[in-house]
**Student:** 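This structure is in structure tokens; I'll ask about it shortly.
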Amino acid sequence: MVTKVIFDTDPGVDDTAALLFIHAAPELDLVGITTVFGNAHIETTTRNALYLAERFNIPCPVAQGAGQALKRRYEGPPTFIHGVDGLGDVGVPETISRTVDPRPAHRFIIDMVKAHPGEITLIAVGRMTNLALALEEAPEIAGLVKQVVIMGGAFGQNGHGGNVTPAAEANIIGDPEAADIMLGVPWPVVVVGLDVTKETFMAPEGLARLVREAGDAGRFIAETSELYKQFHIDRHGLDGIFMHDSCAVAYVLAPELFTTRSGAMRVATEGIAVGQTIQKPDSVNFAPGAWDGLPSQLACIGIDHEAVLELFHQKLALLGN
Ligand code: BDR
Ligand code: CA
């Protein structure tokens, strides 16, 4: 069965690899790309999404989303990770012939979910702002979505805390209020956080394999990843790149490659731990508290990272044929 997917994204170097992973997978039907600020300003992430759609013949609409968080000021792009252009400074053309959908991203999401009740999987790999806005305008969509799989957060599993602060991951601290809203409604959410994405990195041999096997898509991923690779060397002393956003796509394709833990989740919205994702595991009893009455969601706490990378390569190679 083919799964309909809306990809909510801030391209973004690892977002680009994830988008091409979705595009390559015959099991997934990409019905829309929605953009959000984060790795770059919203005008840039939208321009990049349009460019990727045009260059790789991705036929679905692209809808522009939020340019700032629900309640906070955007502090500006992490150019040392994704470049000034959000795509590793490879030189993206300023003008793209593909144009945006007239609807804002959150309304596009609402319309698509209502048009295909029970069929849409949302894969969200940027700030959760568009999802929160969609829920605010049409709370009933929570009952109509098949599944929500997000890249974001960190639960301290496998030794992985935050990547912006010791407590917080970038997509969540970028809009903690939005993340707290979308985790608290009764739709089935799977959180693919740093606990598993930092276990999943592609070494230079993997990038070389993409160049050999995955045609223009493989070459583009390798090219856009150069600056991102340098960041991993400088920051982590690691000769390889984290495949954060692709792990969320892998979960949709092969959930059996992940171990999950069930429980209600909250996001700290103030204090030194702002942006921290905290789960109350269903298996543990606690005194009454802030997690009560909220739906149980799944946090990924383990991953077969070699199998996930192999899956990525196998799907991407389909674009090289
Ligand atoms: C997340 O933040 C962004 O830099 C990446 O695209 C990914 O979605 C990792 O923390
Ligand atoms: Ca991202």
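Just follow the structure's listing: the first ligand is 1, and inside any ligand the first atom is 1. Residue numbers start at 1 and run along the sequence shown.
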**Student:** Can you tell whether the side chains of Arg55 and Asp216 come within less than 4.0 Å, N to carboxylate O?
**Tutor:**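 Asp216 and Arg55: salt-bridged.
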
**Student:** Any chance the side chains of Gln279 and Arg261 put a donor and an acceptor closer than 3.5 Å?
**Tutor:**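 Side-chain D/A pair, Gln279 to Arg261: present.
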
**Student:** Which residue supplies the protein heavy atom nearest to atom 6 (O) of ligand 1, what is that atom called, and how far is it?
**Tutor:**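 Here the nearest protein heavy atom works out to Asp14 OD1, 2.6 Å.
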
**Student:** Compute the ring centroids of His82 and Phe231, then answer whether they are less than 6.0 Å apart.
**Tutor:**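 Between Phe231 and His82, which both carry aromatic rings, the centre distance is not below 6.0 Å.
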
**Student:** Only to 10 degrees, please: what angle do the O atom of Val125 and the OD2 atom of Asp15 make about the Ca ion (ligand 2)?
**Tutor:**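 With the Ca ion (ligand 2) as the vertex, OD2 (Asp15) and O (Val125) sit 100° apart.
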
**Student:** Going by distance alone, is a donor N or O of one side chain under 3.5 Å from an acceptor N or O of the other, for His106 and Glu137?
**Tutor:**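 Note: His106 and Glu137 side chains meet the donor-acceptor criterion.
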
**Student:** At a non-hydrogen distance cut-off of under 4.0 Å, which region of Asn163 contacts ligand 1 (side chain, backbone, both, or neither)?
**Tutor:**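 Only the side chain of Asn163 comes within reach of ligand 1.
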
**Student:** Distance check below 3.0 Å: does Asp14 bring an N, O or S atom to the Ca ion (ligand 2)?
**Tutor:**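 No, since none of the N, O or S atoms of Asp14 sits under 3.0 Å from the Ca ion (ligand 2).
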
**Student:** Answer with yes or no whether Ile81 contacts ligand 1, where contact means a heavy atom under 4.0 Å from a ligand atom.
**Tutor:**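 No heavy atom of Ile81 comes that close to ligand 1.
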
**Student:** Any non-hydrogen side-chain atom of His244 less than 4.5 Å from a side-chain atom of Leu194?
**Tutor:**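 Side chain of His244 against side chain of Leu194, heavy atoms only: contact under 4.5 Å found.
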
**Student:** Within the 4.0 Å heavy-atom shell around Asp15, which atoms of ligand 1 are there?
**Tutor:**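 Near Asp15, the atoms of ligand 1 are 6 (O).
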
**Student:** Can you tell me how far CD of Glu75 sits from CZ of Phe37, rounded to the nearest 0.5 angstrom?
**Tutor:**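 Reported to 0.5 Å precision, the distance equals 10.5 Å.
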
**Student:** For atom 9 (C) of ligand 1, what's the nearest protein heavy-atom neighbour? Residue, atom name and distance, please.
**Tutor:**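 Checking every protein heavy atom, the shortest distance to atom 9 (C) of ligand 1 gives Glu169 OE2, 3.2 Å.
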
**Student:** Consider only side-chain heavy atoms of I, L, V, M, F, W and Y, link residues closer than 4.5 Å, and tell whether Phe155 and Phe242 are in one cluster.
**Tutor:**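 Different clusters: Phe155 never reaches Phe242 through Ile, Leu, Val, Met, Phe, Trp or Tyr contacts under 4.5 Å.
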
**Student:** How far is atom 4 (O) of ligand 1 from the closest protein heavy atom, and which atom is that?
**Tutor:**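 Here the nearest protein heavy atom works out to Asn39 OD1, 2.9 Å.
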
**Student:** List ligand 1 atoms under 4.0 Å from Met151, heavy atoms only on the residue side.
**Tutor:**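 So the atoms of ligand 1 that pass are 1 (C), 7 (C), 8 (O), 9 (C).
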
**Student:** With a 4.0 Å cut-off on N to O distance, would you call Lys198 and Glu169 a salt bridge?
**Tutor:**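 Salt bridge between Lys198 and Glu169, a charged N being under 4.0 Å from a carboxylate O: no.
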
**Student:** Decide, counting backbone as well as side-chain atoms, whether Ala18 has an N, O or S atom less than 3.0 Å from the Ca ion (ligand 2).
**Tutor:**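 Ala18 does not place any N, O or S atom closer than 3.0 Å to the Ca ion (ligand 2).
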
**Student:** Test of geometry: compute the angle OD1(Asp10)-the Ca ion (ligand 2)-OD2(Asp245) and round it to 10°.
**Tutor:**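 Taking the Ca ion (ligand 2) as the apex, I get 140° for this pair.
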
**Student:** May I ask you to identify the nearest protein heavy atom to atom 2 (O) of ligand 1, giving residue, atom name and distance to one decimal place in Å?
**Tutor:**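 Atom 2 (O) of ligand 1 sits closest to the protein heavy atom Asn171 OD1, 3.5 Å.
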
**Student:** Salt bridge (charged side-chain N to carboxylate O under 4.0 Å, His left out) with Glu177: which of Arg72, Arg127, Arg266?
**Tutor:**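 When salt bridge (charged side-chain N to carboxylate O under 4.0 Å, His left out) is applied between Glu177 and each of Arg72, Arg127, Arg266, only Arg72 qualifies.
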
**Student:** Considering non-hydrogen atoms of the protein only, which is the closest contact for atom 7 (C) of ligand 1, and what is the distance?
**Tutor:**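 Ranking protein heavy atoms by distance from atom 7 (C) of ligand 1, first comes Asp245 OD1, 3.3 Å.
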
